[in-house]
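Since this is a predicted model, take the numbers as computed values, not measurements. Per chain, numbering begins at 1; letters A, B, ... match sequence-line order.
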Protein chains: 2
Amino acid sequence: MTTMSNRYQPDTTKNRPTMRHVAALAGVGIKTVSRVMNDEPGVSEETRQRVLGASQQLNYQLDMAAGSLRRAGRRTLSIGLLLPSVSNPFSGEIHRALEDSLAARGIAVFAASLDDDPEREKALVAAFLGRRVDGLVLTPIAKSQSYVIPEHSRDLPMVFIDREPVGIEADAVVTDNAVGSAMAASHLIAQGHSKLAYLGDRTDIQTARERRRGFIEEVGRAGIATSSVPVLEGLHDEDSARRAALQLLTSEDPPTAIFSSQNLVTFGVMRALKELGASKRVALVGFDDFTLADMMEPGVTVIAQHPDRIGKLAAERLLARIDGDHGAAQTYVVPSELITRGSGELPPPE
Amino acid sequence: MTTMSNRYQPDTTKNRPTMRHVAALAGVGIKTVSRVMNDEPGVSEETRQRVLGASQQLNYQLDMAAGSLRRAGRRTLSIGLLLPSVSNPFSGEIHRALEDSLAARGIAVFAASLDDDPEREKALVAAFLGRRVDGLVLTPIAKSQSYVIPEHSRDLPMVFIDREPVGIEADAVVTDNAVGSAMAASHLIAQGHSKLAYLGDRTDIQTARERRRGFIEEVGRAGIATSSVPVLEGLHDEDSARRAALQLLTSEDPPTAIFSSQNLVTFGVMRALKELGASKRVALVGFDDFTLADMMEPGVTVIAQHPDRIGKLAAERLLARIDGDHGAAQTYVVPSELITRGSGELPPPE
DNA sequence: ATGATGCATGACATCGTTGTCAGGCACCAG
DNA sequence: CTGGTGCCTGACAACGATGTCATGCATCAT
């Protein structure tokens, strides 16, 4: 008997209360509870207080998922964010800026790491779509993003960051990679260097190609034979960059200035220079700023990106699309910035 | 007339297809579509193929939210993660390790930044609860976490990281702050130092208090008068730490060795030492490892935490709880590690 | 031939909420 | 007193899926 009564009594401790529970306790209909929870008009102050009291007593919390199922527009107030890796500081700053802009609208962010894996990109997009996100912000890595065309044409807001998408016309927010790299070249040339070298990331990465292009083109514009400039690519981690730099610097006719296209490559070059005791002899400009760059000996001159601005702009575009902006897709370019700290201002040996 | 027919025709382009659409196209009932989409048995191979074909043709995707509404257990396959800031590298690594462990189970992660704001902590927890997450991983910052007791007693899986919760018994995964700091003290003392100093973060942060306690207790154990050890606290950013260190180092009887309790404090101390040209004269051990610590001059000796292990362990505990582990709450301690790089091995002036 | 068994299938209620709509009541003007 | 006008309120269907259950059909042992 006891067992039976237990079985049929609602277990207030374990079961999450629903609107029905609140309505019963407050002695009103569930629609009235709904109105109160959503701050809709048309509820007398007295009823409102009674409902609020009951909901607090039961520790009730609205179920957004159930709500958005029925609600017009079907907003879930969540978006998906795909980054190279959430542990990458550059990505982290973009993420933070995005979050700040979206939090003001009560939008939560699903974040996930891609690890340069095209398959993961597709799987994660699918996972987000299954959760009915209101929008997507992603760093494309797959060869083509045409797989999201069906969603895009269903008006799912979508903004690509860092790299432009291929095979689909959609908004993108990117750094001015080529211009920044050209700045690096012209800066080094202005210091009197003519023996430059380029150390870069894997060429299947769009931004790496852009940086090389910008650098080399500027070298050419300055009247230096581009064929004389060593271009070492495919460097994706610190150690491969270190070894490449060591080889380059101990070669017959070593460069007097180096441009490294990415953080890890810059670190590798710094290591090589330190090992050779050449830190104050060979000029270095790196793409991407990093913590403590100014504390190195000498300070490291960089082309800084502005992840905060990228994140903020991406959020703005996404929100505009969510709010119904149907204008043509556009690419927004965030300028990079030369920050001089010493390593890039070392003159060539006379 | 045209307008009317438009209004009543389902717009295949804009409207997301549902199971009903797939069922209609395949000529089956929607329950059969449900079975196919969920890989449930009891569907003939022929029917299965027809359904799969229809679903691909329509680009159909299951709506997880609607599903978990009815489904037993009500799993949403998403969890909420609350971090000091997603742009903080330490947090980023925890996040990444968590993600990796959870991704294997198809669980997506909502991430949000706390910014040391107790109000935000509560608001964000509420936001996650409203989205019916299957679990919560959080860095507590509010004075007490008793506000989640109702959820906790409803068996919402919950793991605290970095700091232990107050006012509630729940799982926690933390670094061995006191032991690590004691290691720092004993290491410096072993180098012959007796004039030590402690520079720490705000005392309302639990881990900062633990680190001070561990450090000071070890100093006492070594027979040094703890009252002789300067304790400068409330340092929450680089510049306040830098100024505190400058003042300390230019005082009448400056310490010969410094322990800094946190990254930003360490950076501030490094700056001060550099400004005074004392980098190779005053010993320094910092709590928390950081990128390029080995590239400094001298390399910076640190007590390294293991964010990856914290994240992985937190994920394991969370999954265990999700899988129904009802054992008593427990605190898991991840040991820290002394990494010697030079700055901590500088001897005192004879 | 007959009833039992098993498989494939779909009708229907349901999850927790919101949109729609109609009903009840108080109030006011005529 | 009557009809109109608002304001509150709740019954009910619906959102897109899954759990339950009944049904139809083929197969099989008796």
| request: Output, in order, the C-alpha distance, side-chain angles, deciding distance and verdict of side chain to side chain contact (heavy atoms under 4.5 Å, CB included) for B:Thr76 and B:Met64. | output: CA-CA 7 Å; B:Thr76 56; B:Met64 285 186 50; 5.6 Å; no

| side chain to side chain contact (heavy atoms under 4.5 Å, CB included), paired with A:Ser55, selected from A:Val33, A:Val36, A:Val22 | A:Val22

| remark: Hits for ring pair (Phe, Tyr, Trp, His ring centres under 6.0 Å) against B:Phe160, two or more places apart or cross-chain, chain-then-number order -> none

| message | Which residues pass the ring pair (Phe, Tyr, Trp, His ring centres under 6.0 Å) test with B:Tyr60, not counting sequence neighbours? | response | none

| remark: Contact string for nucleotides 10-21 of chain C, one letter per nucleotide 5' to 3', B = base within protein heavy-atom range under 4.0 Å, S = sugar-phosphate only, - = neither, reads BB-BBBBBBBB-

| said: Under the rule for side chain to side chain donor-acceptor pair (under 3.5 Å), what residues qualify as partners of A:Thr47, not counting sequence neighbours? | reply: A:Ser44

| request: Using the test side chain to side chain contact (heavy atoms under 4.5 Å, CB included), find all partners of A:Ile141 that sit at least two apart in sequence or belong to another chain. | output: A:Leu114, A:Asp116, A:Glu121, A:Arg163

| message | So which atom in B:Phe110 and which in A:Ser78 form the shortest heavy-atom distance, rounded to 0.1 Å? | response | CE2-CB, 3.6 Å

| field | Segment of DNA chain D, first to last nucleotide, that comes within the 4.0 Å heavy-atom reach of chain A | value | D:dC8 to D:dG16

